[in-house]
Amino acid sequence: MPKWLKDAVFYEIYPQSFYDTNGDGIGDFNGIIEKLDYIKGLGCNALWINPCFDSPFHDAGYDVRDYKKVAPRYGTNSDLYRLFGEAHRRGIHVLLDLVPGHTSEEHPWFLESQKAEKNEYSNRYIWTNAAFQPAKGFLYIGGETERDGVYVLNFFKSQPALNYGFLNPEEDWQLPVDHPDCVATREAMKDVMRFWLDHGCDGFRVDMADSLVKNDDEKKSGTSAIWRNVREMLDAEYPEAAMVSEWNGPEMAINQGGFHMDFYLNWSGNGYSSLLRDYEMGEDHSFFKKDGSGDILRFLDEYLPRYKATRENGYYCLISCNHDTKRPKYNLDDSELKIAYAFLFTMPGVPFLYYGDEIGMRYLELKTKEGGYGRTGSRTPMQWTSEKNAGFSTCPADALYLPVDTAEGAPSVAAQEADRNSLLSTVKDLLRLRHEEEDLQADGDFEVVYAERGKLPFVYRRGSLLLALNPSTERVSAPVAEADAGKNVLYAIGNGEVKGQEITLAPQSFVVLK
């Protein structure tokens, strides 16, 4: 396990929307470099940069055309190498976004694979044996290549699936996972990883990490075996390199696949969505909605078994949001977000903060851009100031990658840095506390002290610290242990106190006692 993950707090950057230094309306590597001091001052000491490799951008870079070349709109490979160096100089680690399950249909591997003549790359992707033979059970495309066959997709039409084999082949065109050509696909991806690690990258967030082996079993044993092989390579050659999986299956991703971290993702109706985004069925019962009447056990019932099953092997990670999810400001105001972030940043595992969430950037209803569809509204330019284009770019407004939020009350970094009571100031305070108190870091002990169905507050312990939160508009109390009676408030949002063997919290309050 890379030692630096223990005290890591990640900041996710959507590069095209972070900061534009050349006035073309699109963010770039130099923009990230210019804002590294801001990121460090925020309390984040690690970055996850969304896909920045060469791409036709049919899916915002998740359709890679060249794994070893950056997209020119962000700069050059040398610019990215410089970003690694400048980040390291500030004590910041950098993960790149690796897309191992598919490429762009414009990738040189696919251009060779689609040829009629057999070649080195013929089996780099999954093909049937004839143009009129469907790939039953899979998304597929036919009739567009000279090769006599149809090819399997991983998601969009522009994303042909790389061939890691089938755990249980059922057709003659399905290769087993130990076929030399399937092993070659795995080794090609390890080669890509080595390339970037050798140039200063500190690891990878892995897109659709569970999607590699087809016809895999319920435990994803075929895909997990590939990732264990990758982990062995990292342990031997790059022991401080880290991997986090887009999986939301930590027992598989961490225990079987060897990932250091796995995300607790926002899936409709799951425990994570019950915290922040429980509005998809109409009424909003999100736990952190002050009048939502949410229930923390909807989260804990799902989270606790996964946490306990994996805590010795890796970190199950909470996020504020990501590029695929509506921003939490969609349904929560700043007072609600403060309590939500207090929870997210004091839980076990490694927290991930999506750019702009620290100031409460809003989700905008926008027309799709580069395959974003409903996700597009969470990918708008970072709002730095109240000046032109929110300080993101000097280009004309109609040349922006996406429009900035121009509505009244649109948040900005500059305004919130001047306000000691702002959401941004609260985030800084919380992250400072996490770095100062070892018990709050990734591997600190975690115990539920009080959590009753339909009741508040939620009280939990991190090592020697007692924490409690009340997102509601009512004053609430809960019993605590006799040993907690002498603890003092170390940090608070709102008000809370322990008297005797009872903790009481004012409305919308969070406390840490030591």
Side-chain angles (χ1 to χ4, degrees), residues 11-42 44 47 49-52 57 60-61 70-76 79-80 82-83 86-87 320-323 326-330 333-334 337 353-372 375-428:
Y11 192 73
E12 180 189 348
I13 292 178
Y14 197 65
Q16 49 267 65
S17 292
F18 193 58
Y19 188 52
D20 170 26
T21 60
N22 62 4
D24 66 354
I26 297 176
D28 45 53
F29 295 134
N30 287 332
I32 297 174
I33 292 170
E34 285 196 22
K35 298 298 185 181
L36 286 173
D37 288 335
Y38 165 79
I39 294 165
K40 183 71 173 179
L42 186 60
C44 294
L47 299 179
I49 300 176
N50 287 123
C52 56
F57 290 100
V70 304
R73 71 188 195 178
Y74 303 134
T76 65
D79 291 328
L80 184 52
R82 187 167 74 89
L83 193 163
E86 289 293 326
S320 69
C321 183
N322 65 20
H323 58 288
K326 285 185 178 179
R327 288 190 180 272
K329 190 61 177 287
Y330 179 79
D333 64 26
D334 282 6
L337 287 175
L353 174 64
Y354 187 51
Y355 83 96
D357 280 353
E358 70 271 25
I359 59 171
M361 278 180 57
R362 297 185 280 208
Y363 173 85
L364 304 184
E365 298 290 347
L366 296 174
K367 181 180 178 181
T368 186
K369 176 81 171 186
E370 296 183 347
R375 307 171 296 177
T376 305
S378 292
R379 302 176 176 185
T380 56
M382 181 67 175
Q383 292 159 205
W384 297 103
T385 70
S386 60
E387 299 172 351
K388 178 181 177 181
N389 297 328
F392 164 73
S393 175
T394 59
C395 74
D398 61 1
L400 289 170
Y401 172 76
L402 286 171
V404 299
D405 185 354
T406 58
E408 183 178 355
S412 73
V413 170
Q416 294 199 16
E417 283 184 329
D419 180 2
R420 188 66 190 86
N421 296 315
S422 68
L423 182 61
L424 176 61
S425 293
T426 299
V427 169
K428 289 182 178 181

(request) Please examine the side chains of Thr380 and Asp405, heavy atoms only from C-beta on, and report whether any two atoms are closer than 4.5 Å. (result) no
(message) Can you tell me how far apart OG (Ser393) and CD1 (Ile26) are? Round to the nearest 0.5 Å.
(response) 9.5 Å
(request) Please tell me if the side chains of Arg82 and Asn30 come closer than 4.5 Å, counting only heavy atoms from C-beta onward. (result) yes
(message) Between Asp357 and Pro328 (side chain of the first, backbone of the second, donor and acceptor by atom type, cut-off under 3.5 Å), is there such a pair?
(response) no
(message) Determine whether a donor-acceptor pair (N or O, by modelled atom type, separation under 3.5 Å) exists between the side chain of Glu358 and the backbone of Gly356.
(response) yes
(request) Could you check whether the rings of Phe29 and Tyr74 sit parallel, tilted or perpendicular, using 30° and 60° as the cut-offs? (result) tilted
(request) Without swapping roles, check the side chain of Ser422 against the backbone of Glu417 for a donor-acceptor pair under 3.5 Å. (result) no
(message) For Thr76, is there any backbone N or O sitting under 3.5 Å from a side-chain donor or acceptor partner on Asp79?
(response) yes
(request) Verify, without hydrogens or angle tests, whether Trp384 (side chain) and Asn389 (backbone) share a donor-acceptor contact under 3.5 angstrom. (result) no
(request) Identify the two heavy atoms, one from Pro411 and one from Gln416, that lie closest to each other, and give their separation to 0.1 Å. (result) CB-NE2, 3.6 Å
(request) May I have all residue pairs that pass salt bridge (charged side-chain N to carboxylate O under 4.0 Å, His left out) and include part of residues 379-400, sequence neighbours excluded? (result) Asp324-Arg379
(request) Could you tell me whether the side chain of Tyr354 and the main chain of Ser378 form a donor-acceptor pair under 3.5 Å? (result) yes
(request) Keeping the roles fixed (side chain from Ser17, backbone from Tyr14), state whether a donor-acceptor pair exists under 3.5 Å. (result) no
(message) Could you go through Tyr401 and Arg73, starting from their C-alpha distance and side-chain angles, then the distance that decides it, and tell me whether this counts as side chain to side chain contact (heavy atoms under 4.5 Å, CB included)?
(response) CA-CA 11 Å; Tyr401 172 76; Arg73 71 188 195 178; 4.0 Å; yes
(message) Can you confirm whether Glu12 sits close enough to Asn50 that some side-chain heavy atom of one is under 4.5 Å from a side-chain heavy atom of the other?
(response) yes
(request) Determine yes or no for a side-chain-to-main-chain donor-acceptor pair under 3.5 angstrom, with Asp28 supplying the side chain and Thr21 the backbone. (result) yes
(message) Once rounded to the nearest 0.5 Å, what's the spacing between atom CG of Leu42 and atom CD1 of Ile359?
(response) 10.5 Å
(request) Give a yes or no on whether the backbone of Ile33 and the side-chain of Glu86 come within a donor-acceptor separation of less than 3.5 Å. (result) no
(request) Say whether, by atom type as modelled, one donor and one acceptor occur between the side chain of Asp20 and the main chain of Gly25 under 3.5 angstrom. (result) yes
(message) Side chains of Asp419 and Ser425, heavy atoms from C-beta outward: is any pair under 4.5 Å?
(response) no
(message) To the nearest 0.5 Å, what is the distance between CG on Leu402 and CG on Leu364?
(response) 9.0 Å
(message) For a quick test of reading the model, state the closest non-hydrogen atom pair linking Pro51 to Pro15 and the distance between them.
(response) O-CG, 4.0 Å
(message) Within the structure provided, determine whether Thr376 and Glu370 are in side-chain contact (heavy-atom separation under 4.5 Å).
(response) no
(request) Could you grab the distance from atom SG of Cys44 to atom CG of Leu36, nearest 0.5 Å is fine? (result) 11.5 Å
(message) Using 0.5 Å steps for rounding, measure from the CD atom of Gln383 to the CZ atom of Phe392.
(response) 11.0 Å
(message) Once rounded to the nearest 0.5 Å, what's the spacing between atom OG1 of Thr426 and atom CG of Asn421?
(response) 7.5 Å
(message) Between Lys35 and Tyr11, is there a side-chain heavy-atom distance shorter than 4.5 Å?
(response) no
